[in-house]
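The analysis underlying the following values was restricted to heavy atoms, covering all of them including side chains, and did not include hydrogens, waters or symmetry mates.
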Amino acid sequence: MPSRYYLPLILLFSICLLIPYLGIYYIQPTTDLWIQRAVHFYYAVKSFNFEGSYTMYHPGVTIMWLVGVTSGIFYKINGGVDIFSFDIFPQYIFLTTLSVVLAEIGALIVLYKVLSRILGERSAFLSVAVLLLEPFFLGNARSIHMDTLVTLFGFISLSYFYLGLKDFVKLDFVASGVFLGLGLLTRINTGAVFVFFVVYILYRTFRKKMQLVQGVKSLFLVGIVAFAVFYLLFPAMWFNPLDTLFNVLKEGVLDTALLEDSRRNVFLALSSFPFIQKVFTYPIYLLFRLTPVILLLSLYFVVVERKKLELESRKFVRFVGLFACFYYLIITIPDKQIFRYVLPIVPVFAVIAGLVLSRIKRVGLIVVIFAFQLFTIVKIYPNFFVYFNPLIGGISRAQDVINLNQDATGYKEVANYLNKISTPATTVAMYDSNAFTPIFKGNAIMLKSYQTIYGKDVDTDYVLLPINLGNEFLPSSKYHLSKTFKVSGYDYYFLYERI
């Protein structure tokens, strides 16, 4: 295939996979919080209340710009509407999620461009295509959340930094700093990328492959550009930079990352061995969440292809592979471990898989591999979080090993059913009720906090439980199973009706 088709194809794949059925078909459980933060951010900036633009320690500023500005435009066109109302929410959530997705598509194009300079156009195209056909990536990308932008910005920064070290071109270090700054604006843990740069420079200096002065200059240039981007695009920094930075680091790193315990019961059989469970959390998530194609191609690379690649490709794989190991150590240290946090490692697998595919001479075989991936995607579209690696038992095995983190996948199907049979007075107790309320005509209540709020056992009209979660909250003597909902062919939600 001529290389002139690569970029248009990436754009076409991105649009077809990321945009259709966007919005209410997958509502991330904290979507309502991010919308509220973004609207607050937008009006704080609009009224020159720059101090008020600090709303969260993440700090999530890129999300707030994208969703906040889109919300402002939406309000302008539609007047003072309730964006969470049943009639308004579907069109509103589509537009705001679209703003995030368009930013991701732009980042994917930049990623292809920078990888083309390192690996060549064909390998870059295949790497990005592999990434785009991973359900775990797509599931995260189609939501109002930070993880996909953090992943793309961080990996682009890594790639430009590698190019900068190769020829010591200042513009590459500047580009690395720009995307590092955007990553930090999205979530502060992107700082792990810069820490890796420091460790890598020290390693190169120790091995006498680089002069210390050169390394320090590169770090300084990347760091100063990243800080400039962080400062210029974060209005709270204009008002009080020191307090803003202190709050982000204290609340985001010290209080949350290091002190908060949010383990999600990964590897349930080892729950009595917290350290072992903690160490294996993210590898097990990757094993269940990634497709056999990307995993087997990566394994084939390690066993067979590793020494057959061109020197430049091997160097880059070694560079990003070291980052993956470093990042794994960083995210394993805190007790707060959430499955989305491992997403920044996935592009490393995609690059390795893309390099293996690029060495296949038979185009037909590559087409078959991508056709298989596309079939996998179409079968579960648009509920990508129902995918679990079938080679190790799929969702049936996954529910015994890990917490499935349903994250509101498939709520649209449940809401459609209940809206037909219920009235505005109908009550449902469930997980993630905030994600369900805008698409449900009745009243959704958070299941876990019901007894705390009302001082009694659950007595709503219905209780909705996801697969492998929440049975301890169900007074089984008062409810019977009314309906089972399949999401993309899997039994996923169970609706219990009060007897």
Side-chain angles (χ1 to χ4, degrees), residues 14-15 18-50 52-85 87-108 138-153 181-188 190 229-230 232-237 244 248 252 340 343 382 407-408 411 432 434-439:
S14 300
I15 291 172
L18 292 174
I19 294 180
Y21 297 102
L22 197 61
I24 58 175
Y25 282 88
Y26 170 63
I27 305 172
Q28 214 279 337
T30 56
T31 293
D32 62 314
L33 297 178
W34 280 109
I35 289 172
Q36 292 167 16
R37 293 165 188 163
V39 170
H40 175 87
F41 174 90
Y42 172 76
Y43 282 105
V45 175
K46 188 178 179 182
S47 61
F48 301 103
N49 175 22
F50 300 133
S53 67
Y54 177 82
T55 62
M56 199 61 187
Y57 56 76
H58 289 304
V61 175
T62 50
I63 297 292
M64 292 184 203
W65 273 116
L66 293 166
V67 176
V69 171
T70 306
S71 300
I73 295 170
F74 188 86
Y75 277 125
K76 199 80 171 176
I77 295 172
N78 295 279
V81 294
D82 177 7
I83 55 177
F84 290 105
S85 67
D87 295 326
I88 298 296
F89 187 74
Q91 53 184 302
Y92 169 79
I93 193 64
F94 173 81
L95 292 172
T96 47
T97 311
L98 179 63
S99 68
V100 177
V101 166
L102 290 177
E104 292 166 352
I105 292 175
L108 283 166
L138 291 171
N140 281 287
R142 292 167 53 90
S143 68
I144 296 178
H145 215 276
M146 303 168 290
D147 298 278
T148 305
L149 288 176
V150 166
T151 297
L152 292 172
F153 291 153
L182 290 173
L184 290 168
L185 280 168
T186 308
R187 192 164 61 211
I188 201 65
T190 310
V229 171
F230 187 85
L232 291 172
L233 294 179
F234 195 173
M237 291 287 292
T244 300
V248 168
R340 299 186 311 271
L343 191 64
D407 273 3
Y411 271 6
D432 303 324
N434 289 342
F436 194 71
T437 298
I439 59 175

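Within the 4.5 Å cutoff, side-chain heavy atoms of Leu22 are placed close to those of Arg142. Side chains of Ile439 and Ile27 form a contact here, defined as non-hydrogen atoms less than 4.5 Å apart. Between Tyr26 and Tyr21 the shortest side-chain heavy-atom distance does not fall below 4.5 Å. Using a 4.5 Å cut-off on side-chain heavy atoms (C-beta onward), Phe74 and Ile88 make contact. For the pair Arg187/Asp147, a side-chain contact is recorded, criterion being any heavy-atom separation below 4.5 Å from C-beta on. Thr31 is not listed as a side-chain neighbour of Ser143, based on a closest heavy-atom distance of 4.5 Å or more. No side-chain heavy atom of Phe153 sits under 4.5 Å from any side-chain heavy atom of Leu185. Residues Leu95 and Ile73 fail the side-chain proximity criterion, which asks for heavy atoms closer than 4.5 Å.
Across every non-hydrogen atom of Ala236 and Thr244, the tightest pair is O-OG1, 3.2 Å. Pairing each heavy atom of Pro235 with each of Trp65, the nearest pair is CG-CZ2, 4.1 Å. In this structure, Met146 and Thr186 approach most closely via the heavy-atom pair SD-O, 3.2 Å. Between Pro90 and Ile93, the shortest heavy-atom contact is O-CG2, 3.4 Å. Heavy atoms only, all atoms of each residue included: Ile188 and Pro59 are closest at N-CD, 4.1 Å. Pairing each heavy atom of Val39 with each of Tyr92, the nearest pair is CG2-OH, 4.3 Å.
Using cut-offs of 30° and 60° for the angle between ring planes, the Phe84 and Phe89 rings count as parallel.
Remark: Ile144 CD1 to Ile35 CD1 distance equals 4.5 Å, nearest 0.5 Å. Residue Tyr54 holds its OH atom at 15.0 Å from CG of Asn49, rounded to the nearest 0.5 Å. The OG atom of Ser99 sits 10.5 Å away from the CZ atom of Phe94 when rounded to the nearest 0.5 Å. Between the CG atom of Asp32 and the OG1 atom of Thr30 there is a distance of 7.5 Å, given to the nearest 0.5 Å. In this structure, CE in Met64 is found 3.0 Å from OG1 in Thr55, a value given to the nearest 0.5 Å. Summarising the geometry, atom NZ belonging to Lys76 is positioned 14.5 Å from atom OG belonging to Ser71; distances are rounded to the nearest 0.5 Å.
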Verdict with supporting geometry, Leu182 and Leu233, side-chain contact (heavy atoms from CB on, under 4.5 Å)
CA-CA 9 Å; Leu182 290 173; Leu233 294 179; 3.9 Å; yes
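Checked options Thr62, Thr190, Val61; the residue passing with Leu184 is Thr190 (criterion: side-chain contact (heavy atoms from CB on, under 4.5 Å)).
For His40 (side chain) and Gly52 (main-chain N/O), a donor-acceptor pair under 3.5 Å exists by modelled atom type. Between the side chain of Ser47 and the main chain of Ala44, a donor-acceptor pair closer than 3.5 Å is present.
Tyr42 and Thr70 share no side-chain donor-acceptor pair at under 3.5 Å.
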